[in-house]
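Order of the sequence lines fixes the chain letters, A, B, ..., with proteins taken first and strands second; residue numbering starts at 1 for each chain. None of the values given here were measured: they were computed from a predicted structure.
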Amino acid sequence: MDDTLEKPTFVSVPKVNADGDEEDAQSSGDEDQGPDWTKIPAAPSARPFIPKRGEKDFEPTAAGGSGLQRHVLDRSRHAMLEALSAPRTISSKSISYAVWCPDLARAYVTLSRGIHFTTMGHSVARATFVGGDVNKIHKRLELLPEETLYLVERGAMLCWKASDLVLTDVPGLDDVEGIPMTVQQAYAEMIGTEDLTLEKYQVFAYLRRLGYAVTRTKAPNPEYPLPPPFSLAQRRWPDTSIFDAVLHLLRWPFLRLLNFFAPRFNWWRPIRLECLRPVDSRGLFSSLRFLPGGHDKPLHITGSSKASSSPYEIFYNVYKPSTPFKKTAPPPPDYSIVVVNARTTPVPTLTELTSLFDVLPELPPPLPRKRRPFAHQKADAVQPPVPASNATQPTSSLIQRLFPWAFPLSSPPDPVRNANPFLSLKTGKKMVVIAAVDAGMTSFFRLGQGVFTEWPMA
Amino acid sequence: MARRIPLRVSNNKAFVWDIDDIGILRADHHICGVLTGTLPHLSQQNVFLGAPLLLMPEEVVLLVDKQLAVLADDPTAHRTPSVDALRRWNADRAAEAKQQIALAEAKEMSQKTAKMSMSEEAIRKRREREERRAAAARAKALAEGEDPDAIEASGSSMTPAAPTDQRPATPNAQAAPAYTVTLPGSSSDLAWYDPEGCRYESIADAQAAGIWTYPANLHERAKCRVFRDLWEQGNFMGGGIRFGGDFLVYPGDPMRYHSHFVASVVDSPVSTIKPMELVAHGRLGTATKKAHLFCGWDDEKQEVSYFSIEWAGFG
């Protein structure tokens, strides 16, 4: 508990945000604890209100429970039904309107109001037919099915369904843009379009309700704004300037010469050259390793690769509420989320996991534990730490560049030398969140790619 | 049973949208389901969720087999309305908005008059106060032997003219007045919602119509029968994914009581249970104060057998 307070940037899976979660986590059967509907206001209240989970009895007494038990149960049920039947109301001054086009699987917004549109919707140029065959191309704000459904369900938007009915000249229908859709109809018709399953919608709505910005990882149409692709190559090999390239060209013949004269690497005497420089345990161990290890080595699985039909594909990019999010140019996501149906999907195989992690960026190493005042933590939370760059390396002399083997490495690539390795091993270098949904119950799992090969064994 | 509860099926999932039906399912049939929708007035949290109620497939099969519910194909039931129906719907909407505006205006008028009378009262009091002060000043001046009229003149010049700041009309009055829009949730009230012709009274019919697939194999059939057997003994059932099983078995309504068992379904009496499973289930069940229940389904004898596992607790 203390640790998560210390590290505000520590990546953690969004968890159920019940107020009483901390007590619940200690007690047994935390998820068995149901919401207590009697503690929820039936009518909208002015103050923000955090509902709590309630206490439960062990079991009803014989013959259907005691009088008190039956009374409390009836009260709870009544409160629940009361809360459920509260109508979706919104002021006419803050309601948005959109038209759902079933053949496009998109809704275009005809009147947008409110803060929701800062994180949802994208603009698309569509040719519209205005009278006869004059087609005019103009930009409009379009919503994906999950975004439309969320806004409708939340009671922030009225959605019309585009229809062939001629409504323009009919008196009394001048403000009607199509067939009005209920939330029920939106559920029935929007889910199942554009790769949206009920499970994916539930995860989307769950995260949206908590304030996360959620976008698709794969663009459903070319106009959909995506974050810049992760710079995988850059992370694996440090970026080289033009100067470095020229130097490399100059150095290349010398290196070839050296390689020619130097004896081949001998498996049976792997640390022969090490006598030239002071031996550090890291280099020693890496030269002792005679089977290549680590996640950057290719996976030797020759079995039938059914990668195309794998259910483990990243579907959503998720941004924390504190991340500055620009809809037209989204930043790299804070989390990548895979959504699977827990009833039909088995645990991911090694191949599936590897192909997942292959497209994900390396995370910065977790911050070492330090006690710091709260104000600093807040500043850190606003500015996430950048991964350790190579710019801090001291410039090496020409001799050092020519004969790198003759000099010990001035700054080892491992930035945290004395840090406790367990936190880093636990966090891993790459991270993906898997949301498993079983008939409405969502569990989030965080899978990290452990980096045991990169840590010295002693 | 007088009325069968319609379950709205779309994308192979069954929902209940009517709040009364949710209550009946829970109180009379011991079927809880999972609420999945956003509560409109508590839309920033995930502890309390609202309609629709999503049913587990086993619950659906049970309800339909027991003739307590029927399946209705929801996308088909939403027909295309006629222009007349749409016009009626829009007229209702306009009438409601108009009524709300009228109500709001009436309320505003009464408030305004109340405010007006209050301000008149205030003006009268202020005038009295000023008169008293002027009289006191005059008396003081008289006592000091000065000309009372001079004081009077200066006093009157100081008192400002009658307050003329007639308040400008509120900006709201020019724009269209605001009213509350109620967004429709359930479709049952719509004139063009008609589930006739796409209702299915048995699972087989629905499967033939292609709107429902569960149960499709032996394992799913076993789960349905185990669910049914436990339910027939008076238990409430919930999903068990968070406890490493298929179901949670509650002695009473899960709203008020803890579950006693985590049930996992074993397809047949000859299927193997690995020792690791025993350890995992026993460990998790004990840690959460539940017993783990292995429910074996014998497809030939059509019966369920139960084994529970718990740590014996000999130090």
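The candidate with the highest count of non-hydrogen atom pairs below 4.5 Å against chain A, out of B:Asp73, B:Asp18, B:Asp74, is B:Asp74. By number of non-hydrogen pairs under 4.5 angstrom with chain A, the leading residue of B:Leu49, B:Asp20, B:Leu55 is B:Leu49. Across B:Gly252, B:Ser186, B:Gly23, B:Ala51, the residue that shares the most heavy-atom pairs under 4.5 angstrom with chain A is B:Ser186. When each of A:Asp438, A:Leu81, A:Ile90 is scored by its heavy-atom pairs under 4.5 Å with chain B, the top score falls to A:Ile90. Listed options B:Pro57, B:Ser82, B:Ala94 were ranked by heavy-atom pairs under 4.5 angstrom with chain A; first place goes to B:Pro57. Contact tally against chain A (heavy-atom pairs below 4.5 Å) for B:Gly185, B:Ala97, B:Gly234: the top residue is B:Gly185. Ranking B:Pro75, B:Gly238, B:Ser188, B:Ala77 against chain A, the residue ahead of the rest is B:Pro75, based on heavy-atom pairs under 4.5 Å.
In this structure, the separation between CE on A:Met80 and CE on B:Met255 is 4.5 Å, given to the nearest 0.5 Å. Between the OG atom of A:Ser85 and the CD1 atom of B:Ile22 there is a distance of 9.5 Å, given to the nearest 0.5 Å. Expressed to the nearest 0.5 Å, how far CZ of A:Arg208 lies from OG of B:Ser43 amounts to 10.5 Å. B:Asn12 contributes atom CG, which lies 11.0 Å from atom CG of A:Leu198 (distance to the nearest 0.5 angstrom). For the atom pair CG (A:Leu84) and CD1 (B:Ile19), the distance works out to 5.0 Å, reported to the nearest 0.5 Å. Separating the OH atom in A:Tyr206 from the OG1 atom in B:Thr36 is a distance of 14.0 Å, to the nearest 0.5 Å.
Only the side chain of B:Arg8 comes within contact range of chain A, with heavy atoms under 4.5 Å apart. Only the side chain of A:Ile95 comes within less than 4.5 Å of a heavy atom in chain B; its backbone stays farther off. Only the backbone of A:Met157 comes within contact range of chain B, with heavy atoms under 4.5 Å apart. In this structure, chain B has no heavy atom under 4.5 Å from any part of A:Ala186. Of the atoms belonging to A:Glu189, it is side-chain heavy atoms, and not backbone ones, that fall under 4.5 Å from chain B.
Side chains of A:Thr182 and B:Ser187: a donor-acceptor N/O pair is present below 3.5 angstrom, by distance only.
With contacts defined as side-chain heavy-atom distances shorter than 4.5 Å, the pair B:Tyr257/A:Gln69 qualifies. At a threshold of 4.5 Å between non-hydrogen side-chain atoms, the residues B:His78 and A:Gln184 count as touching. Taking 4.5 Å as the limit, some side-chain heavy atom of B:Leu54 sits within range of a side-chain heavy atom of A:Gln202. Two residues are said to be in side-chain contact when any heavy atoms from C-beta on lie closer than 4.5 Å; B:Tyr193 and A:Gln185 fail this criterion. Looking at B:Pro251 and A:Pro60, their side chains come closer than 4.5 Å, going by heavy atoms from C-beta outward.
Ion pairing between B:Asp253 and A:Arg77 holds under the 4.0 Å rule for side-chain N and carboxylate O. Between A:Glu59 and B:Arg256 there is no salt bridge, since none of the side-chain N atoms of the basic residue sits less than 4.0 Å from a carboxylate O of the acidic one. The residues B:Glu58 and A:Arg343 are annotated as salt-bridged, a charged nitrogen and a carboxylate oxygen being separated by less than 4.0 angstrom.
Taking both residues in full, the closest heavy atoms of B:Leu86 and A:Ile179 are given as CD2-CA, 4.5 Å, listed atom of the first, atom of the second, then distance. Taking all atoms of both residues into account, the shortest heavy-atom contact from B:Thr182 to A:Pro87 is CG2-CB, 4.0 Å. Scanning all heavy atoms of the two residues, the minimum distance from B:Ala178 to A:Ser91 falls at CB-OG, 4.1 Å. Shown here for A:Arg154 and B:Thr38, the closest heavy-atom pair between the two residues is CG-CG2, 4.3 Å. The minimum heavy-atom distance linking A:Lys56 with B:Pro254 is given by the pair NZ-O, 2.8 Å. Smallest separation of non-hydrogen atoms from A:Met441 and B:Gly239: CE-CA, 3.6 Å.
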Q. Checking side chain to side chain contact (heavy atoms under 4.5 Å, CB included) for the pair A:Arg88/B:His41: CA distance, chi angles, key distance, verdict?
A. CA-CA 8 Å; A:Arg88 281 182 176 75; B:His41 62 280; over 6 Å; no
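By the 6.0 Å contact criterion, OH on B:Tyr179 is open, its count of non-hydrogen atoms from other residues, nucleotides or ligands being 12 or less.
Classification of the B:His260-A:Phe58 ring pair by plane angle, with boundaries at 30° and 60°, yields parallel.
Between the B:Asn46 side chain and the A:Arg209 main chain, no donor and acceptor come within less than 3.5 Å of each other.
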